[in-house]
Chemist: 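Provided herewith is a single structure, encoded as structure tokens, for subsequent inquiry.
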Amino acid sequence: GVGLPCIFKKWMGIQHVDLNGNCLFFEDENDLKDLILLLYNDRNKLMQMKNVAEEKGLREFSYYEIAKRAIEE
């Protein structure tokens, strides 16, 4: 909700945080290390994730926007 790219541990029900590119998922510690290194070494990938997080994440995960949607329903 703050417009930052993220890496999350993968578990059932977490997929809703993926807005087509704002985050990556890992299953074990080795995957986490690899994903961190990927983003460290690939600035373009990191910036793409950041753009999606800013464009979609701020709107989708804002408490204000969530409350507004809940009231409208």
Side-chain angles (χ1 to χ4, degrees):
V2 295
L4 296 173
C6 296
I7 300 174
F8 296 104
K9 176 147 178 65
K10 188 174 186 177
W11 69 79
M12 189 175 1
I14 190 72
Q15 293 81 7
H16 72 281
V17 299
D18 184 9
L19 302 174
N20 288 328
N22 61 308
C23 60
L24 298 172
F25 297 98
F26 70 94
E27 294 193 26
D28 64 42
E29 292 79 22
N30 292 326
D31 293 339
L32 176 58
K33 179 183 173 186
D34 292 342
L35 291 176
I36 291 170
L37 287 173
L38 168 75
L39 296 180
Y40 179 80
N41 291 314
D42 189 346
R43 182 108 176 127
N44 288 332
K45 174 73 173 164
L46 180 61
M47 296 316 305
Q48 289 171 349
M49 290 176 65
K50 185 177 187 316
N51 289 338
V52 173
E54 288 175 344
E55 291 172 10
K56 296 180 181 179
L58 289 172
R59 182 179 61 246
E60 185 71 22
F61 300 121
S62 156
Y63 286 127
Y64 175 79
E65 293 297 328
I66 292 169
K68 212 164 70 168
R69 287 191 303 262
I71 290 169
E72 291 172 355
E73 293 178 1

Chemist: Would you say Phe26 and Ile14 are hydrophobically clustered, going by side-chain heavy atoms of ILVMFWY under 4.5 Å?
Modeler: no

Chemist: Do Glu72 and Arg69 pass the salt bridge (charged side-chain N to carboxylate O under 4.0 Å, His left out) test, and can you show the C-alpha distance, the side-chain angles, and the key distance before you say yes or no?
Modeler: CA-CA 5 Å; Glu72 291 172 355; Arg69 287 191 303 262; over 6 Å; no

Chemist: At their closest point, which heavy atom of Pro5 faces which heavy atom of Ala53, and how far apart are they?
Modeler: N-CB, 3.9 Å

Chemist: Rounded to the nearest 0.5 Å, what's the gap from CG on Leu38 to CG on Leu46? Could you check?
Modeler: 9.5 Å

Chemist: Give every residue pair that meets the side-chain hydrogen bond (donor to acceptor under 3.5 Å, both in side chains) criterion with at least one member in residues 9-37, sequence neighbours excluded.
Modeler: none

Chemist: Less than 4.5 Å apart, any side-chain heavy atom of Phe8 and any of Leu24?
Modeler: no

Chemist: Listing request: all side-chain hydrogen bond (donor to acceptor under 3.5 Å, both in side chains) pairs with a residue in residues 39-60, at least two apart in sequence or in separate chains.
Modeler: Lys50-Glu54

Chemist: Check whether any side-chain heavy atom of Phe25 sits under 4.5 Å from a side-chain heavy atom of Ile7, and report yes or no.
Modeler: no

Chemist: Grab the two heavy atoms, one from Val17 and one from Cys23, that are nearest each other, plus how far apart they are.
Modeler: O-SG, 3.8 Å

Chemist: I need the Cys6 SG to Leu39 CG distance, nearest 0.5 Å.
Modeler: 10.5 Å

